[in-house]
Amino acid sequence: MRTSFKTIGIIGKPSDPSIAETLSLIYDYLRQAGYRVIIASDSAECLRDKKAVSVETDMLGQHCDLVIAVGGDGTFLAAARAIVNYGIPLIGVNLGRVGFLVDISPDELPGRLEATLQGHYKEEERYFLRAKIIRDGRVIHEEIALNEVAVHRWITPSMIEIVTQIDGVFLNSQRSDGLIVSTPTGSTAYALSAGGPILSPSLNALVLVPLNPHTMSNRPIVIEGGAEIELSFCQTKQIQALVTCDHLQIPDVLISDRILIKKDPKPIKILHPEDHDFFQVLRKKLNWSNG
């Protein structure tokens, strides 16, 4: 089955010369195969072809039918954020260390890529979280995250006290270094290192993972994926908190602010090789026994 992909965008890890060889290999293959290719402007300098068509990363979705992210999971997250509003799919080529999201290795190129472009792939939808910072009754900041939204104590030696409500119902109040609200995608990222469970990507669920809680009875909890989470603070003295949405920081969050977090309705489409197996990925990346 041939696909309808005609114009393909490439996003590489910005200003990283180590991706040049793989980036050029993909670019040259696509051009020779007859595709129109547009590259993110901050990666164009890595190409041998200095006449390559380039646009800013956040403009790729307007011009392409498909985007290829070349790098690690961080590059993939940035690419997903850039194109999610355009409804086009994303492929990941892994030049990072662990790489749960980028699943084509450079030594599998161009064969794996060719098979995918010929229609031999598995399509998967992953969802973002949308976080809103509410101050004095109005939204002062809004951001999306594919992995997680995390609240951290910031510029203070003291723990922060976080009150959590789920769909308007009180869940708990906890003293800790912070709290992670993770998607199934993010359950193998920061949430995993903090002791959270691994969620199958297909689950309609979210997981809340406390960071170094004062009381050991505060444990990770999995909730329904469509729930709205409201976080607030119950300190009596003013401190500041830091909110991160994947790798993006929202500093200067005050204890009088509220943080609303909910699954965004727009999914990102990911194309995996036809033999993609999430459990095999876990075994490989986490060095589990194959027995």
Side-chain angles (χ1 to χ4, degrees), residues 72-78 80-81 84 96-98 100-101 126-135 139-166 171-199 201 203 205-216 218-225 227-235 239-264 268:
D73 279 354
T75 305
F76 190 93
L77 292 172
R81 181 188 303 274
V84 64
R97 291 184 295 274
V98 180
F100 281 95
L101 294 171
R126 304 280 185 102
Y127 285 86
F128 286 80
L129 291 174
R130 181 168 294 275
K132 299 178 182 180
I133 311 298
I134 313 293
R135 181 174 298 168
V139 178
I140 64 164
H141 201 105
E142 190 169 348
E143 193 55 79
I144 59 173
L146 185 58
N147 272 349
E148 75 279 317
V149 177
V151 182
H152 312 258
R153 63 185 177 94
W154 192 51
I155 319 179
T156 174
S158 304
M159 289 184 168
I160 53 178
E161 300 182 39
I162 300 174
V163 177
T164 303
Q165 295 189 74
I166 308 296
L171 173 65
N172 64 11
S173 175
Q174 60 172 283
R175 295 183 67 232
S176 65
D177 286 342
L179 180 69
I180 300 169
V181 180
S182 171
T183 64
T185 300
S187 70
T188 52
Y190 190 16
L192 180 62
S193 67
I198 296 173
L199 303 182
L203 287 177
L206 301 173
V207 61
L208 281 63
V209 183
L211 291 169
N212 301 320
H214 181 260
T215 303
M216 291 303 294
N218 280 329
R219 311 302 300 168
I221 180 171
V222 178
I223 64 172
E224 195 271 327
E228 181 179 72
I229 301 162
E230 179 178 329
L231 306 178
S232 57
F233 305 95
C234 57
Q235 261 91 350
I239 65 166
Q240 292 176 317
L242 174 69
V243 175
T244 58
C245 296
D246 293 340
H247 58 286
L248 299 180
Q249 296 184 354
I250 306 174
D252 298 323
V253 176
L254 306 178
I255 63 169
S256 54
D257 295 341
R258 295 183 299 127
I259 304 164
L260 298 183
I261 303 168
K262 191 168 184 178
K263 186 172 80 171
D264 195 73
I268 182 73

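Looking at every heavy atom in both residues, Leu242 comes nearest to Ile250 through CD1-O, 3.7 Å. The heavy-atom pair separating Pro210 from Gln174 by the smallest distance is CB-OE1, 3.1 Å. Contact detail for Phe233 and Ala241: the closest heavy-atom pair is CZ-CB, 3.9 Å. In plain terms, the two heavy atoms of Ser176 and Ile162 that are nearest each other are OG-CD1, 4.4 Å. For the pair Tyr127 and Thr183, the tightest heavy-atom approach, listed with the atom from each and the gap, is O-CG2, 3.7 Å.
Counting heavy atoms from C-beta on, the side chains of Phe100 and Asp73 come closer than 4.5 Å. Side-chain contact between Val139 and Ile134 is present, with heavy atoms from C-beta onward closer than 4.5 Å. Counting heavy atoms from C-beta outward, Ile268 and Phe128 have side chains that approach closer than 4.5 Å. At a threshold of 4.5 Å between non-hydrogen side-chain atoms, the residues Val243 and Leu231 do not count as touching. Side-chain contact between Ser182 and Val209 is absent, with no heavy atoms from C-beta onward closer than 4.5 Å. The closest side-chain heavy-atom distance from Leu129 to Leu206 is below 4.5 Å. Looking at heavy atoms from C-beta onward, Leu171 lies in side-chain contact with Ile221 at the 4.5 angstrom threshold. Considering only heavy atoms from C-beta on, Ile259 stays 4.5 Å or farther from Val181 through its side chain.
Evaluation of the salt bridge (Lys or Arg N to Asp or Glu O under 4.0 Å) rule for Glu142 yields Arg130 as partners, not counting sequence neighbours. Remark: Arg258 engages Glu230 in a salt bridge (Lys or Arg N to Asp or Glu O under 4.0 Å) (not counting sequence neighbours). The side chain to side chain donor-acceptor pair (under 3.5 Å) test applied to Lys262 returns no partner, not counting sequence neighbours.
Annotation for Glu224: atom CD counts as buried by contact number, over 12 foreign heavy atoms lying within 6.0 Å.
Between Asp252 atom CG and Ile140 atom CD1 the span is 9.0 Å, to the nearest 0.5 Å. For the atom pair CG (Leu179) and NE2 (His152), the distance works out to 10.0 Å, reported to the nearest 0.5 Å.
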Contacts under 3.5 angstrom, residues 143-150 side chains, donor-acceptor by atom type, not counting sequence neighbours:
from: Glu143; atom 1: OE2; to: Arg81; atom 2: NH1; distance (Å): 2.8

Only pairs under 3.5 Å count here: list side-chain donor-acceptor contacts from residues 187-196, not counting sequence neighbours, and write none if there are none.
from: Ser187; atom 1: OG; to: Pro184; atom 2: O; distance (Å): 2.7
from: Ser187; atom 1: OG; to: Leu199; atom 2: N; distance (Å): 2.9
from: Thr188; atom 1: OG1; to: Thr185; atom 2: O; distance (Å): 3.4
from: Ser193; atom 1: OG; to: Tyr190; atom 2: O; distance (Å): 2.7

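Annotation: salt bridge (Lys or Arg N to Asp or Glu O under 4.0 Å) contacts involving residues 175-185, sequence neighbours excluded, comprise Arg153-Asp177, Glu161-Arg175.
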